[in-house]
K.L.:
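The structure's right below; bear with me while I get my questions together.
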Amino acid sequence: MSDHSSQSPDSSPEAIFNATSDASALAFDGKRDTRRSFVARLSALSMAIPGVGAALAACSGGAPNASDSSRRPAGQSTNPAGQRPARGLPNPDSRLDTIHHTEHQATTLATGTANATYRRFDPTLPALPRERTQQIHWRSQAVPVRISPEVVVAAWTFEGNLPGPIVRCRAGDTIDFTLTNEHEVPHSMDFHAAQIDPKTAFRSALKGQSVSYTFKPRYAGAFVYHCGSSPVLMHIGSGMVGAIIVDPSTPLLPAKEFVLVQNEFYLAAPVNGAHPFDYAKMLATLPDYVAFNGRPGQYQAEPIRVKRGDRVRFYVVTAGPTVPCAFHIVGEQFDTVYLGAPPANAIHGVQTFNVPAGGGMIFEFVANVPGEFPFVNHGFGHGQKGAIGILIVEE
Ligand SMILES: [Cu+2]
C-alpha cells in the first residue's frame, strides 16, 4: 500500500507539503509571543557569538592572503602574515577551551539579505574529474541564503551556499584541501571520507587564516563533510555541511545520479529580514524545517526528472545536525542499497533504509514504471517539514 494514494487530492505530495507549510506558519503564529520574548532575550544578550570574543582577540585582522593557501603539512594554519599562530591562542576544538561551549546564543547576522535570491540546488552528481589529484580551496563565509521564496537564513557556509559544493573523486585519489576563514567565528573542515588525525587536520582557522591538509579516501561511498568547530552542533546547524562522493575503482553501472544532503533548520525570529539560527532549539531537536539540499520542498516545486528505463542512483547524505533520514520512494522499491564501500555491503529489495546523522548511503533502482514518485524521509514528523521531493519518470 502506498503512502499517499493518488486518488485522494488531500494526500497528494503537494497537499502534504502545503498543509505542512501552512501548519508551520500556524505554529509560528502560535509562538509569536514566545518569539517576541526570545527576541527581547536575544537583544539583551547582544547576539553573543560562539567564541567570537576570543577569536577577535586572537586575530590580527586583515584580508585573507592568497599565500595562506600554499600547501602545508596537515593541520598547520597560519595567520594573514604567513606565521604560525602564537602559543596560547584558543583552539576552539580543544576540550580545554570551555569558553566556546558557553558563549552561544544565536548566529551572527549576515548582511545583504535583500540580494539573497532563491535558487534550486542542482542535485545532479558532478562528473568524475579525470585528474587523480584535486586541489580544493574553499572559504568559510557568513552569507544570507534564501531557502524558500519567503525565508532567508543567516547561514554560515562553505563557499557561500548551503549545502556546500558537492565533491566527487575515486577511492585512492588525492585531495589537497585548504580552508580559508573569512568569518569572525573560527571554522574548520571535517571530511568523513578522510582518515587523518582530527586534532591537527580538522583544527579551526581564525579569521584570515587557512588550514590545509591532504587525504586519500580509502573507501568508496557517500560521505558527509562539515565544520567541526566547537560547538559542532551550532556549526553544522548553521549550514556548514555538504557531501563528498567517492567512486569505487571499478565504476558502478551507468545511472542517472543525484545527491541529496538532508539537513534541518532551527530558526530564531528574523532580524533585518534574515533568520539567525537558534542554538537552544538545536539542543531541543525540534526543527522548523527539514530539507534535501538546503531548501525545504524544493523538488516538489521543481521535481527531479529521469526517463523510463533509466537506472537511478541517489546518494543520500544526512548532515543533521541530529535528524536521521528514513529514505523511501513512494511507489518504488530499491533494487540495491549500498550501506558503504560499494559495490560491497549491498542489500536488495529494500523499501526504506535509515541514514543516520553523519552517515551516507546509496539507493539504486531501475525506473521502469513511468509516473510521479515522491521521495521522502519516511519519518514523517520530519519529512513533512520539507524533506519530500518528487521524481518524475517520463515515458
Ligand atoms: Cu564552523
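All values below come from the heavy atoms of this structure, side chains included, with hydrogens, waters and symmetry mates left out. Just so you know, ligand 1 is whichever comes first in the structure, and atom 1 is the first atom listed for that ligand.
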K.L.:
Any N/O/S atom of His183 sitting less than 2.8 Å from the Cu ion (ligand 1), backbone or side chain?
P.N.:
no

K.L.:
Given the side-chain rings of Phe177 and Phe191, with only the six-membered ring counted for Trp, is the space between their centroids under 6.0 Å?
P.N.:
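Centroid separation for Phe177 and Phe191: below 6.0 Å.
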
K.L.:
Below 4.5 Å, heavy atoms only, C-beta onward: do Met282 and Phe277 meet side chain to side chain?
P.N.:
yes

K.L.:
Given the Cu ion (ligand 1) as the apex, I'd like the angle to SG of Cys227 and ND1 of His187, rounded to 10 degrees.
P.N.:
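Seen from the Cu ion (ligand 1), SG and ND1 are separated by roughly 130°.
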
K.L.:
Just to the nearest 10 degrees, tell me the angle at the Cu ion (ligand 1) spanned by Met240 SD and His235 ND1.
P.N.:
120°

K.L.:
Taking the basic N atoms (NZ, or NE/NH1/NH2) and the acidic carboxylate oxygens, is any pair closer than 4.0 Å for Arg311 and Asp335?
P.N.:
no

K.L.:
Set out, in order, the CA-CA distance, both residues' side-chain angles and the distance that settles side-chain hydrogen bond (donor to acceptor under 3.5 Å, both in side chains) for Ser204 and Ser229, then state yes or no.
P.N.:
CA-CA 6 Å; Ser204 297; Ser229 297; 2.6 Å; yes

